[in-house]
Structure formats: structure tokens, C-alpha cells
Amino acid sequence: MASKRVGGLRHWRVLDLVSAAFFGLVFLFFVLVYTPMGDSLAASGRQTLILTASDPMQRLHVATAIESGQPLLIESCPADSADHMPCEDPRLNSQLSREMNYYRERHCPPLDNTPLCLIPPPPAYKVSVQWPESLHKIWHSNMPYNKIADRKGHQGWMKLKGPHFIFPGGGTMFPDGAEQYIEKLGQYIPMNGGVLRTALDMGCGVASFGGYLLAQNILTMSFAPRDSHKSQIQFALERGIPAFVAMLGTRRLPFPAFGFDLVHCSRCLIPFTAYNASYFIEVDRLLRPGGYLVISGPPVQWPKQDKEWSDLQAVARALCYELIAVDGNTVIWKKPAEESCLPNQNEFGLDLCDDSDDPSIAWYFKLKKCVARVSSVKGEYAIGSIPKWPERLTAPPPRSTILKSGADVYEADTKRWVRRVAHYKNSLKIKLGTPAIRNVMDMNAFFGGFAAALNSDPVWVMNVVPSHKSPTLDAIFDRGLIGVYHDWCEPFSTYPRTYDLIHTSSIESLIKDPASGKNRCALVDLMVELDRILRPEGTVVVRDTPEVIEKVARVARAVRWTHTIYNKEPESHGREKILVATKTFWKL
């Protein structure tokens with residue numbers, strides 16, 4: 001009998017311990033989720049969310065939990081992901097077709113297959129050198145890749161000097177410096193006086209050409225793919241020069257028709273006449289009527305490339321481009337201001353697109369083998385017709401479809417953003433107008449009013465027009481500003497740690513399906529992407545309804561941002577709140 005009683009007592013003691021442990025865990029869960037103690041633990045980093053790509057449902061549940069306010073922190077990605085670009089990942093894209101450089105274009109993995117984690121900076125990362133000093137030098141430790149300096153240093157691209165990379169301003173076709181090269185082009189092209197404002201530099205290297213054009217008040221979008229010249233666009237952006245990762249391959253570039261006053265290629269090695277001149281046709285789509293095309297390097301009077309040079313001239317003639325000059329290995333053409341002289345007899349079979357073609361559709365849109373009609377876009381927007389810079393910044397854009405009923409919407413938007421930016425600077429103490437902010441993005445740009453209000457500041461603005469919204473990017477270019485189309489349910493084509501300030505109004509509209517009203521992706525995914533492209537100690541400004549701002553604040557805590565919520569400026573109507581967040585400078 002005694003032994004049975006002892007066994008029974010032991011049995012009940014084990015049950016008591018199990019029950020106590022269970023109720024203790026339940027109590028701890030409620031403490032962490034529903035009390036300030038949980039918030040403090042989360043803020044201190046002791047409660048961390050670890051996610052893999054193996055369970056999409058887990059990913060969805062966690063995103064929902066964060067947006068609903070559960071105090072979770074998103075963990076950091078591995079150290080070797082410091083320069084990760086999800087849509088330009090060579091480990092994945094190298095398996096794709098080489099035809100027309102398809103493998104170097106954007107190819108985004110499904111979100112369900114990507115880890116939800118925060119990209120860490122390199123181990124010795126420092127706050128970036130400020131503009132304008134950054135045009136000439138950056139910290140080596142921020143992108144410690146010596147390949148370009150080793151291979152291109154003798155051409156003046158960049159050199160390693162002590163703790164810095166320095167940029168003498170040279171390039172393969174202008175080893176003596178971009179300033180002298182620009183001066184030479186100025187003998188044939190109106191490089192000053194405001195005639196030209198927007199430029200596209202294809203295969204730009206470290207973007208010294210675009211950097212030095214800023215002195216002429218010409219704003220250049222420089223682009224290059226992620227290729228064997230590791231991080232060339234990353235170097236450009238670290239210098240504070242507008243740049244973007246892109247490849248002229250099988251699709252149109254994500255820009256509107258006839259937006260660039262000048263298109264430039266310095267040894268970009270684009271085969272303009274290949275595939276029935278598809279790439280020259282794309283350049284023609286992008287170049288404003290009356291604009292200039294400059295090609296330096298092969299095949300222009302290049303040894304053993306007589307056939308290629310002859311073909312290039314034949315395409316230009318077929319499109320009735322005016323030959324301005326051939327100066328050594330540099331050729332300059334001017335596009336006709338009126339409709340193309342096609343159709344005509346030409347060996348490439350070039351002809352005009354039909355009237356149904358919209359040449360400004362450019363988000364994941366295949367290249368066409370026909371030439372865009374200037375007449376398909378109504379308005380007086382050719383060089384010589386459009387106002388000179390800076391008058392064109394405030395003149396109503398001549399071809400925005402939204403402005404058909406009048407310029408009132410545009411003028412009201414312009415005045416609204418002048419008030420709002422003044423409020424940001426004076427009341428919210430955002431460091432716009434100081435050397436602390438150089439690279440700026442507006443995620444939902446509309447007419448570019450935010451960027452226009454910053455015109456006197458030492459910044460450049462990447463104006464993003466969401467691909468599912470009204471196509472107002474042409475108006476932005478007509479104002480003399482630059483930008484791209486993009487879908488914010490996908491990663492942006494840039495390197496980590498690109499922007500000093502990211503701004504958006506109506507953030508939830510960026511991920512919402514306009515037809516169903518449902519979100520196409522999670523707010524958590526969008527804000528993790530913003531964290532990727534934002535520099536440490538960078539700023540995010542979000543305007544939206546109080547309900548959305550509260551949701552943004554919850555996710556901001558999960559991505560380790562500090563934030564403050566403000567009231568809108570007194571003159572504004574509606575229910576908006578403004579969240580201003582700062583990315584903390586953390587390291588692994």
C-alpha cells in the first residue's frame with residue numbers, strides 16, 4: 001500500500017509540473033503580446049522573428065501578425081547578402097537564356113520564395129561622404145570592390161587612395177575627363193542655356209558623364225546592368241549621381257516615349273543595328289523629337305568594324321536623323337522634330353507602328369520592331385517647342401492626358417507640394433536642403449510636384465510612377481525631371497543603401513488592386529524592400545490616413561526604424577497624418 005501511495009504522489013507531481021509549465025508559457029505569451037513589457041523586449045532585440053522561404057503560409061501569418069501589432073522584430077539576412085538585389089540576382093538569372101541579353105534583365109522571384117529579412121551593411125560601413133564631395137570620393141569600406149579601379153584606373157574611372165575611392169572624372173572614351181569631353185560635345189550640341197535638360201546615359205560605368213553634366217543643369221539618368229563590372233551603378237549612386245540598374249534586352253526600358261532630350265552612349269557596346277535595329281528603334285522611342293543622339297566608341301570609325309559602322313549610319317538615314325558631326329570615334333545625330341520620314345525603302349524593313357500603339361507603355365513590355373509615331377502623342381513637346389529650363393519646370397506639361405480638361409489640377413498640385421515641403425523643413429525638421437540628404441525617391445510621384453518643390457535643394461529625385469496608376473511619367477519628363485515606372489509589389493532595380501530619403505503619399509494604394517480593393521502584396525514586404533534601399537540613418541516620410549499610418553508604424557518597429565507621427569500641415573484638407581521614420585544604423 002505504501003509503495004502505491006508513493007507512485008501516485010510521483011504521478012501527480014509530474015502532472016502538476018507539466019500543468020504549471022503550460023500555464024506559465026500561456027501567461028508569458030500574453031505578457032509579451034499585450035503588455036508594454038513585450039514592446040520593450042521587442043525593441044531591445046530579444047524577441048526576433050526568424051523566417052525562411054520554406055513555408056509561404058508562415059510568411060503570410062507573420063506579416064499579418066506584424067501589421068496587427070504583435071511585437072516582433074524581423075531578423076537580419078546573412079552577411080553575404082549585403083549587396084543583394086532580388087530581381088538582378090546572378091545566381092538565379094545566369095540559368096536563363098542569353099538571347100538578346102534576356103538573362104541580364106529583371107527577373108523577380110515570387111515573394112513566397114524569398115526570405116523576409118533585413119539586408120545588413122558591410123562590416124566596416126560608414127555614413128556616406130556628403131555631396132558635393134562625394135562626386136570625387138567615397139569610402140572604400142562601403143563597397144570594397146577593387147575590380148573597376150584595377151582594370152579602369154588608367155582610363156580615369158576611379159582609383160583607390162587610402163580609405164577612399166577617388167574619381168578623376170574619366171571614362172574609356174574620355175580618359176582626360178568628362179569635363180573636356182562635354183566641352184567638345186558643346187561645339188555641336190547646345191549643352192547650356194536650358195535647351196537640353198533630360199539625358200539618358202546608356203552603359204554609364206561609374207556615371208562621371210552624368211555627374212559632370214549637372215554643372216550644365218542637365219539631369220542625366222545613367223543606367224547599366226549588373227554585370228562583370230561589379231557594382232558600377234552602386235558606385236554611381238554612392239557618389240550622389242542619378243543612376244538605375246537596367247538592361248536593354250528584350251523589353252522596353254521603363255521610361256515614357258520621347259522623354260529624353262539627349263541620349264548618350266560611350267562605349268556602351270549596344271548592338272544598335274542587331275535584330276532588325278530593335279535597339280536603335282528603342283532609342284528613337286525614348287528620344288524627344290529634335291533631340292540629340294551621341295555614340296562614342298565602337299563601331300564609330302572603329303578598326304575592323306566597317307560593316308557595323310555602315311549599318312549604323314544606314315539606320316540613322318532611314319529614320320531621317322540629321323548628321324551633325326563625326327569627330328574621331330564620336331558621332332552626333334539630331335532626331336527630326338516632325339513625324340519620321342517612314343515609310344521608305346530601307347534595308348532593315350523599318351516602318352511606323354500602327355495608330356493603336358501606345359509608345360509610352362513600358363512596364364514589362366516587349367520591344368517592338370516598328371518605329372513609334374510622334375503623332376501618337378499629342379502636344380508641343382519637341383526641342384524648340386517645349387519651354388527651356390528652368391521655365392519648363394513650372395509650365396503645364398504639354399501632353400499629360402490628365403490635363404485635357406485644363407491646367408487647374410497641375411497648378412493646384414504644384415502649390416500643394418510647395419506648402420508641404422515647407423512644412424517638412426520648418427515644422428518636422430526634416431533635413432531637406434542640407435548636405436545630409438542627396439539621393440531622394442518619391443514612390444508615388446504623380447506630376448512630380450514633390451521633386452519640383454525641392455528644385456533649389458542639393459538633391460536629385462527618382463520620381464516613381466506606379467505601373468498600375470495613371471501614366472503621368474511623361475509629364476514629369478516634360479517638366480525636366482526624371483523617373484521610372486515600377487510596381488511596388490516587386491523589388492526596385494537598385495542596390496542596397498541607395499537613398500537618403502524615401503517619400504510617399506498614399507502608401508497603401510501602391511499595393512492595392514484598384515479593381516478588387518484587396519492588397520496584392522503585404523505592407524511588410526514593401527517596407528522591408530524600403531529598408532533594403534534606404535541608407536543607414538536615412539529618412540522615410542509617409543503620408544496617409546490615420547488608420548494606415550498606425551499600420552505603417554507597427555511595421556516600422558518590426559524593421560527597427562524609430563518614428564514619430566505628426567499632424568498634416570494646417571492648410572491641407574483631409575484626414576492625413578505624416579509618419580517620419582529613421583533607419584537605425586545597426587551591424588551584424
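At distances below 3.5 Å, not a single donor-acceptor pair connects side-chain atoms of R497 with backbone N or O atoms of S128. Side chain of N463 to backbone of L473: no donor-acceptor contact under 3.5 angstrom is found. In terms of modelled atom types and a separation under 3.5 Å, the side chain of R252 and the main chain of L248 share no donor-acceptor contact. Although no hydrogens or angles enter the test, the distance criterion places no donor-acceptor pair under 3.5 Å between the side chain of E282 and the main chain of S278.
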D355 and R373: CA distance, side-chain angles, deciding distance, salt bridge (Lys or Arg N to Asp or Glu O under 4.0 Å) verdict
CA-CA 8 Å; D355 292 333; R373 292 177 180 266; 3.4 Å; yes
Would F365 and Y485 count as a ring pair (Phe, Tyr, Trp, His ring centres under 6.0 Å) if you check the C-alpha gap in whole Å, the side-chain angles of each, and the deciding distance to 0.1 Å?
CA-CA 12 Å; F365 194 88; Y485 297 115; over 10 Å; no
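Using bins of under 30°, 30° to 60° and over 60° for the plane-to-plane angle, the ring pair F447/Y410 lands in the perpendicular bin. Ring geometry for W488 versus F492: interplanar angle under 30°, hence parallel rather than tilted (30 to 60°).
With F255 as the partner, the ring pair (Phe, Tyr, Trp, His ring centres under 6.0 Å) test is satisfied by one option alone out of F223, F260, W363: F260. Residue H264 is tested with Y181, Y292, W333 for a ring pair (Phe, Tyr, Trp, His ring centres under 6.0 Å); the sole match is Y181.
A heavy-atom distance below 4.5 Å is not found between the side chains of K335 and L293.
A salt bridge links D500 with R535; the closest basic N to acidic carboxylate O contact falls under 4.0 Å. The residues R392 and D261 are annotated as salt-bridged, a charged nitrogen and a carboxylate oxygen being separated by less than 4.0 angstrom.
C204 is linked by a disulfide bond (SG atoms under 2.5 Å apart) to nothing, counting only residues two or more places apart in sequence or in another chain. Applying the ring-ring contact (aromatic ring centres under 6.0 Å, His included) rule to Y212 yields no partners; only residues at least two apart in sequence or on another chain are considered.
Residue M191 holds its CE atom at 5.5 Å from CD1 of I182, rounded to the nearest 0.5 Å.
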